[in-house]
Structures are given as C-alpha cells and as structure tokens.
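In what follows, a structure is listed as structure tokens, so that the remarks can point back to it.
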Amino acid sequence: MFNELGELLCTITGFDSFSLQPNAGAAGEYTGLMVIRAIIRYGDANSSIKRLLIPAAVAFKARGDHHRNVCIIPVSAHGTNPASAAMCGMKIISVGTDAKGNINIEELRKASEANKDNLSALMVTYPSTHGVYEEGIDEICKIIHDNGGQLYMDGANMNAQISTGGIPAPEQSQPLGTISAAPWGSALILPISYTYIAMMGSKGLTDASKIAILNANYMAKRLENYYPILFRGVNGTVAHEFIVDLRGFKNTAGIEPEDVAKRLMDKGFHAPTMSWPVPGTLMIEPTESESKAVLDRFCDALISIREEIAEIEKGKADIHNNVLKGAPHPPSLLVGDAWTKPYSREYAAFPASWLRVAKFWPSSGRVDNVYGDRNLICTLLAVSQVVEEQAAATA
Ligand SMILES: Cc1ncc(COP(=O)(O)O)c(C=O)c1O
C-alpha cells in the first residue's frame, strides 16, 4: 500500500519518486532542503538521490558545491520555511512581494545574482499563501536555475493545483539520514491519504481542486462588499484561499482581528488563520469539503460581525465595552447572577437563528495570550501529591 500510495502521489505531482517519511509540512520542507543540499554537495549523474522528491523537470548537475548555503524565501512564505532552512544550516535571504501579493521578481533577481556563487535554493509556495497564482512563476524558476540554485516547492497548497500530472517512474531511493524516527513516518496516517486518493480517483481529485478554488472565490465575492479582500490575481479572482483585511477597524472602531475571531466562536465557528501571512488579517481557506450552506453560514457570521463593528463606528456601541470585546461568551459567564454588559445575554449567546438548533458553547472567556505564552504553568501534580490523593481516595 505504501508503494502504491507513493506511485499515486507521483502521478498526481509529476515527481519521480516520493518519500513518506516526513510527518508534517515542516518535516517535508526539511527533507526537501536536505535533498537539495545532498544533490548540490554530493550529487552526480548516477546518484539515485537526485530523483528523490525533486520534480522531473529540474535537471541537476554534479558540482560538489559544498559552499552553496543561501536559501531565498519570500515574505509570503509560511514561518516554517525559514525555520527549516535554519535547521539545515542555510543562510536565509528574504525577498518581498509587490502590491498584488506576488513575489517581487526584480528583488528576487537582484538577490539571486548577488548570491550567484552561494545560491542553494528558493523555497516557493504555489499558489502562494497570499491566495494568488504567481503570474511570474516560470520566470522565477528560471532566475533561480540560471544562478545555480534549486527549487523547493512547498506543497501546502497542492489542493489548488491537482490535475492528472506527470508519468511515474519510481526509482530506488537512497537514505538521506534521519528524517523521522520511524521508517514510514506516521504510518497509520498513510491509509487515510491512500483511501482518499483511491476513492476520489483522478476526476474526483481534479474536481476537488476546482471546487476548492470555486468555494474561495464564492466567499470572496460574498464578502467583498463588507471587507477589503487583500490580494487578487490578474482576472480579479483568488486561488483556493484569500485574505480579509481587518486592519482598518483598529482606527474606526478599536477592533482587532482577535475580537473578530472570538466573536466567531459565539457564532459557532473556529476562526480561520489569524494575522498570517499578513498581520491584522484573516486568511480564509474553505477547501472543497464544506457544503454551500456552511460557506453561507460562515459568510453570514462575518457579515453580521461587520454590522456589529458598524455599531461601534456609529457610536451606538461603546468602543471598549461591546459584544466583540466581550467575546467569547461561555456558559459560566452567561448564567452568572451578575450581568453588567451593555448588551443582553441573549444577544451575546444567540446572535443568529441557526444557533438555536446547533450551538457550540465556548468553554472559557477571553484569556491573556501574551501572559500565557510568557508564563508556563505546570498543571500536573507532584508525584508525592498524586500518591497522597490516591491514598486518601482509597482510605
Ligand atoms: C504554506 C505552508 N507551508 C508549510 C506549512 C507547515 O505545515 P505543518 O504545519 O504541517 O508543519 C503550512 C501549514 O499550514 C503552510 O500553510
């Protein structure tokens, strides 16, 4: 089954061979960079290592380039990208994006040429985390190759580009050193990927990509009259995810992304990715698997939050003490004898009719994130205390 899964993944991606060792995206990045490093340092025309994880389209040369250690990473990349490059001992050079969210190609060219002698790789996410298909991706690849570097493609957004891809040609792979402690990584997770691919089939997978893109565009269209959509491609569309810009509300209503995220909990939703890849925004990636009814409910929730922000902007709700700042509202607060908020308990808990039939109850109110991050609190009892409590219980 592992071999078959590897072959299916090769068919989907066009890669020559697949490693199932990495346990997560970040571990995949580390593996990919380790492969690039191995190719650059030790690769030769006959080495099977060159076929591991690298797209067939990329040709490699034996160079013995031990000194190549510069990794270029766009600012739109996931934070795990620089972390992985650092773990591989690479020197990281960051390149910016343009006003439309695409990699700034001139900046990339300059950085590549300036580091021509030491360039190892570019880590690129396609479509990007800004939710756009980089128009200049071919040129970007060429610039890197022309300057002696290799490409690592972050596969996190693969669900926005699945079609029946290349031709599989699995080869014997050569061990690269330790990537994960077990030979097949998270072996028990592999049947999930296998059955998903097998049950969907090539048409189903292609449809999944199309529907993921369609869902994101449907939501962006519904929300664009209420919130600025940060980046779009040349046709005015987004990829499989998009960014809702909340930064303006800090000035108009004192509202931060966290207030929106917490109020979404009252309305039955876990908030999407917050303040990444752009601080002060929400990045929404609906995927192919939600029904239109759920997408609509989520849009309705965000639109009603926009109305709640407007109440503050108009001065009808207090800028410091309002339903957004008070969110989320857990049962312990709502059923308390004392209620001092300037809005009703009912409005706090049931701001929409669908919540009457399916209410998710947040288990606690707002916590101080920064305090929590800086002050580790051990909640385990000391062993002696456990023994004492057990003795007391059995006495
Ligand atoms: C673009 C991108 N790269 C890398 C990662 C890291 O993946 P993981 O969290 O599985 O390590 C993510 C995670 O969401 C991502 O969005």
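Order of appearance sets the numbers: ligands from 1, and atoms from 1 within every ligand. Any value given below was found using the heavy atoms of this structure, including those in side chains, with hydrogens, waters and symmetry copies removed.
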(request) Identify, with sequence neighbours excluded, every residue that meets side-chain contact (heavy atoms from CB on, under 4.5 Å) alongside Ala382. (result) Ser384, Gln385
(message) Within the 4.5 Å heavy-atom criterion, are Leu214 and Tyr218 side-chain neighbours or not?
(response) no
(request) Select all protein residues for which some heavy-atom-to-ligand 1 distance is less than 4.0 Å, and list them by chain and number. (result) Ala24, Gly25, Ala26, Glu29, His78, Thr80, Thr125, Thr129, Asp154, Ala156
(message) Just to verify, what does Thr125 make a side-chain hydrogen bond (donor to acceptor under 3.5 Å, both in side chains) with, not counting sequence neighbours?
(response) none
(message) Do Glu135 and Asn102 pair up side chain to side chain, a donor and an acceptor below 3.5 Å, judged on atom types alone?
(response) no
(message) Whether the Tyr194 and Glu4 side chains hold a donor-acceptor pair (N or O, under 3.5 Å, no angle test) is what I'd like checked.
(response) yes
(request) Give me the other members of the hydrophobic cluster that Trp276 sits in, counting Ile, Leu, Val, Met, Phe, Trp and Tyr linked by side-chain heavy atoms under 4.5 Å, directly or via other members. (result) Val132, Leu230, Phe231, Ile243, Val278, Met283
